[in-house]
Amino acid sequence: MTLMATRCFDEWRDKSLGDALVECRDMVESPEFATVQRWRDAGGKVVGHFQVYFPEEIVHAAGMLPFKVRGAPMEPNLADSHFGSYLCSILKTSLDLALSDQVQMELFVSLPICDAARNLAAIWGRNADYPSQILYLPQNPNSSGSVDYLEHEYDRIRRVIEEVAGVEITNADLSGSIVVFNENRRLMRDLYDIKRRTPWLIAAEDAYAMVALAGMIPREEHNELLRTLIPMIRERDAKQEDRIRVVFEGGFCEQPPFDLIRMLGRTCYVVDDDLLIGLRYLTQDVPTEGEPLRQLAESYIERSSYSPVQHDLRKPKEEMLIQRIRAADADAAILAAAKMCEPGLEEQVTYTHALDDEGIDYFVSEFEENMSSFDQLELQVETFVENLLFA
Amino acid sequence: MTTREHTEQLVGRGNREGAALFKEWFAELDATAKSGGLSAYVFVMGSLNEILKTFDLPVVFPEINSLQTAVRRVAHEYLEIAEDYGYSPDICAYVKADVGTQLRGGHHPMAQIPKPSITVLTNACNTYIKWAEIWERMYKTPMFTIDIPGTRQAGGQTWRGDPDFEADRRYVEVQLRELITLCEEVTGTKFDIDKFREVLTYANIMSRSWKRILELNQAKPSLFNALTDGTIYLGVANGLRGTEAGARYFERLVEEMEFKAANGIGQTIDEEYRLLFVGVPCYPIFRRFNELFTDWGGTFVNSTYLWFASGGSNRGFEYDLDDPLASLAEGVLISVRDAMDSMFHQNTVLAGMARDFDVDGIIYHPIKSCRTVSTGLADGRKHMTEELGLPSLFMESDMMDRRVVSEAQMKNRVDAFFEGLATRRRLAQVDTKG
């Protein structure tokens, strides 16, 4: 299948690093998702996939744009009446993007990450004139049947996507897409390596924007952006400051507002995080030999990160968090959870008890994607940081 | 025996015997806790009693334990303990009441609750997984998730013979075999296929009976209250699934309901309005919640609760004893998927119920605690109203936490709803006469 060579995000090109990063931030911060419209204007089709992990390679192999549906910092005026109270914001703003035609797509796929997300697929389907599906990622990755099952499930979604795209997705197409995404994974690892080793070279919000773009522009274009900017970041002449190093945990699904990340970046070095972890979920290259769907399935089961929405006996989440903190040589953790997020709030309790046992400092907070006032939160974070610096 | 004597013996027998069995079940748990015996923690949507009872494991349903603290009006004590431990007011209160129970060393108003030797769950509710992780960490005992792939798209269920269905079924069967191995390790007992068949036979009787009982409530007047009586039946359906006592209870319940249907014996009130209930009951004010409706002559003739909280047994799936494990995999897949459908795609279910049970209205009761049940209800109701034109009431509260239960506000809403129903009926009569 011939991939479309549409470019959706040119604003950063031929600019200084600082100016390029401003363009990245502006594009990610905007609830307009202009890149998706540009793709469509060029005749492209779109598959929206909800948080956390989705095998985007299958969509890419069909020549479609995989769009990461991650809510938006806006009021869900149209979607609000479709939901009751006591629900997280990302559900509402995501649906609002569809109801308002802000983001148009040919297929929406939700994942069984939580009870609300599974309901979302049904709600979406009742309100959109295109198909809405659930891709049932295995909830028992420790079963010896999980890879076989997942390979078949990926094949099922391949058939669905073929129908929507109107093209056949061959193994060669898939292998080609895996190569593109492998490069992307490597570049993302490079970016996070910079965060961990030399966090003074890249502000928290800039790194976040660079990652988030992966979910809204063609992956080849994202690779080009990372290939260009990462060396510029490495060559930056920035001085290390006396700040504490923190790991931010709690951004696996609903995203904290950009200003919250910016505020944290002003106060401390965010040396690792789980923000948009789904875009970085596979921790190693996917092998390019053999059956591509099998390789994608095995990679998900055997070589992937962790989040509160997956139970895996090999990856107790509190141990994974401690590992993340130690690997990043962090002084403390920011344990955040989106308001009304059942898995996030539940995991927070485990994290706090585990970090207590390990003697690792942490700051606990809740957020909502469209919150706009951070004064009190900033004061609390500053107090936490000062306590650590001057203890 | 005269009809009157039959009536005295049969009517209400299910409630009396259900309550007695419920007490016996908790007495068994109490004895298990005190003797330090083995027990399995399970959930209502896919308990896998079929395997656990083959190993003679007493089963603990923490959801039922938690709701009992609410019915007995002590839930707040347990919730406070969990919240002091760090759990947010915004998460499932069933989880928190259970955490409170565990932190109190298993002390519960109905019994001493044994600690888990093993936890078995499905993904029918994602919170099951988070909940089981708590015990896994607390007691270092194994948890086993039977992953049941659900319906991928509204109306897109697949069935036997379809390659997609067979892939799902194979995955479930592999997991069931792994669960059996784990149970052998935990209990030190070899799996007995003959005993397994016996357990499946009892489960078949129960499923067949449960389906029949639900159908019988199409009678006019309806025979039992899906909200209150139904909750008693559900308790037995879950706790005693796969046991002889459970099977006999349901056979006798069918006998009672058939007798009532044949003799036109309805519920204890005169039925004015036939209602469907969607959501989970308001346990903190269980009796009064029900009276808000019965005071107006409203009876609950069916509910999605009786479907999903029975793990989809409403379908009446019967296992093939000649190929028991493959058949269990198929049955669990179909039944638990159905339980999920009655929450995520409840409109199809409700349209069928509304037709078969000739209802006057639908009561939606989303609850703060449960996103599984509640997330889609507002949108579902919107579409349901457009499609069926049936009157409905949407009323939020909780099944555990009395802090979000406002009885006066509820009463106002319910009264207004029934006034609307009455007006609608009068207008319809005028139209007919005109």
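All values below were derived from every heavy atom in this structure, side-chain atoms included, with hydrogens, water molecules and symmetry-related copies excluded. As the structure is a computational prediction, the values presented were derived from the model and not from experiment. Convention: sequence-line order gives letters A, B, ...; per-chain numbering from 1.
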Practice item. Sort L313(A) into side chain, backbone, both or neither according to what part of it lies under 4.5 angstrom from a heavy atom of chain B. Key: side chain
Check your understanding: With chain B, which of Q348(A), H152(A), Q133(A), H311(A) has the greatest number of heavy-atom pairs at distances under 4.5 Å?
Key -> H311(A)
Point to revise | Test log, rule side-chain contact (heavy atoms from CB on, under 4.5 Å), inputs D90(B) and Y86(A) | key: CA-CA 7 Å; D90(B) 296 328; Y86(A) 314 121; 5.5 Å; no
Check your understanding: Relative to chain A, which of R177(B), R152(B), R371(B), M143(B) shows the most heavy atom pairs under 4.5 Å?
Key -> R152(B)
Practice item. Between chain B and each of L91(A), D148(A), N127(A), count heavy-atom pairs under 4.5 Å; write down the option with the most. Key: N127(A)
Point to revise | Under 4.5 Å from any heavy atom of chain A - which part of Y364(B) | key: neither
Check your understanding: With a 4.5 angstrom heavy-atom cut-off, which part of L377(B) approaches chain A: side chain, backbone, both or neither?
Key -> neither
Review point. Which region of S88(B), side chain (C-beta onward) or backbone (N, CA, C, O), has a non-hydrogen atom less than 4.5 Å from a non-hydrogen atom of chain A, or is it both or neither?
Key: side chain
**Study point:** Side chain, backbone, both or neither of P308(A) within contact of chain B (heavy atoms, under 4.5 Å)
**Key:** both
Point to revise | Flag if over 12 foreign heavy atoms under 6.0 Å of CD, E184(B) | key: yes
Review point. Is it true that a side-chain atom of N140(A) and a backbone atom of D147(B) form a donor plus acceptor pair closer than 3.5 Å?
Key: no
**Study point:** Check against side-chain contact (heavy atoms from CB on, under 4.5 Å), V160(A) and Q153(B)
**Key:** CA-CA 11 Å; V160(A) 171; Q153(B) 184 173 337; 5.7 Å; no
Review point. Under 3.5 Å, is there a donor-acceptor pair between the R118(A) and N126(B) side chains?
Key: yes
Check your understanding: Are a donor atom and an acceptor atom from the side chains of E396(B) and S85(A) found within less than 3.5 Å of each other?
Key -> yes
Exercise for review: Would you please test T375(B) and D115(A) for side chain to side chain donor-acceptor pair (under 3.5 Å) and show each step?
Suggested key: CA-CA 8 Å; T375(B) 302; D115(A) 304 317; over 6 Å; no
Check your understanding: Which residue out of G376(B), P142(B), G86(B) racks up the most heavy-atom pairs below 4.5 Å with chain A?
Key -> G376(B)
Review point. Does any N or O in the side chain of Q139(A) come within less than 3.5 Å of the main-chain N or O of T145(B), such that one atom is a donor and the other an acceptor?
Key: no
Review point. What closest approach, in Å, do T127(B) and E346(A) show between heavy atoms, and which atom pair accounts for it?
Key: CG2-OE2, 3.9 Å
Check your understanding: Side chains of D168(B) and R156(A): does their closest heavy-atom pair fall under 4.5 Å?
Key -> no
Review point. Pick from H353(A), M340(A), R126(A): which one has the most heavy-atom pairs with chain B under 4.5 Å?
Key: R126(A)
Exercise for review: Using a cut-off of 6.0 Å, state whether more than 12 heavy atoms not belonging to Q380(A) lie near its atom CD.
Suggested key: yes
Revision key, fill the gap. If one checks every heavy atom of A121(A) against chain B at 4.5 Å, the contacting part turns out to be neither
Review point. Going from CG on N142(A) to CZ on F144(B), what distance comes out if it is rounded to the nearest 0.5 angstrom?
Key: 8.5 Å
Practice item. Taking the side chain as every heavy atom from C-beta outward, state whether N123(B) and Y136(A) have any atom pair closer than 4.5 Å. Key: yes
Check your understanding: Does any heavy atom of chain A fall under 4.5 Å from the side chain of P366(B), the backbone, both, or neither of them?
Key -> neither
Exercise for review: To the nearest 0.5 angstrom, please state how far the OG atom of S369(B) sits from the CD atom of E342(A).
Suggested key: 8.0 Å
Check your understanding: Which of residues 378-388 of chain B get closer than 4.5 angstrom to chain A, counting heavy atoms alone?
Key -> A378(B), D379(B), G380(B), K382(B), H383(B)
Point to revise | Max heavy-atom pair count under 4.5 Å with chain B, selected residue of A337(A), S144(A), S110(A), A117(A) | key: S144(A)
Practice item. Could you pull out all residues at least two apart from E347(A) that satisfy salt bridge (Lys or Arg N to Asp or Glu O under 4.0 Å)? Key: K130(B), R137(B)
Practice item. Name the region of V95(B), side chain, backbone, both or neither, that has any atom closer than 4.5 Å to a heavy atom of chain A. Key: side chain
Study note, to complete from the structure: When rounded to the nearest 0.5 Å, the distance separating CG of N119(A) from OG of S374(B) is 8.5 Å
Practice item. Identify which part of A132(B) has an atom lying under 4.5 Å from any heavy atom of chain A, answering side chain, backbone, both or neither. Key: neither
Study note, to complete from the structure: If you tally heavy-atom pairs under 4.5 Å between each of K339(A), E318(A), E366(A) and chain B, the highest tally belongs to E318(A)
Exercise for review: Under 4.5 Å heavy-atom distance to chain A, tell me which part of E173(B) shows up: side chain, backbone, both or neither.
Suggested key: neither
Revision key, fill the gap. Correct closest heavy-atom pair for S143(A) and E178(B) would be OG-OE1, 2.9 Å
Point to revise | Proximal component of T122(B), with respect to chain A [non-hydrogen, under 4.5 Å] | key: neither
Study note, to complete from the structure: Whatever's closer than 4.5 Å to a heavy atom in chain A on M343(B) counts as backbone
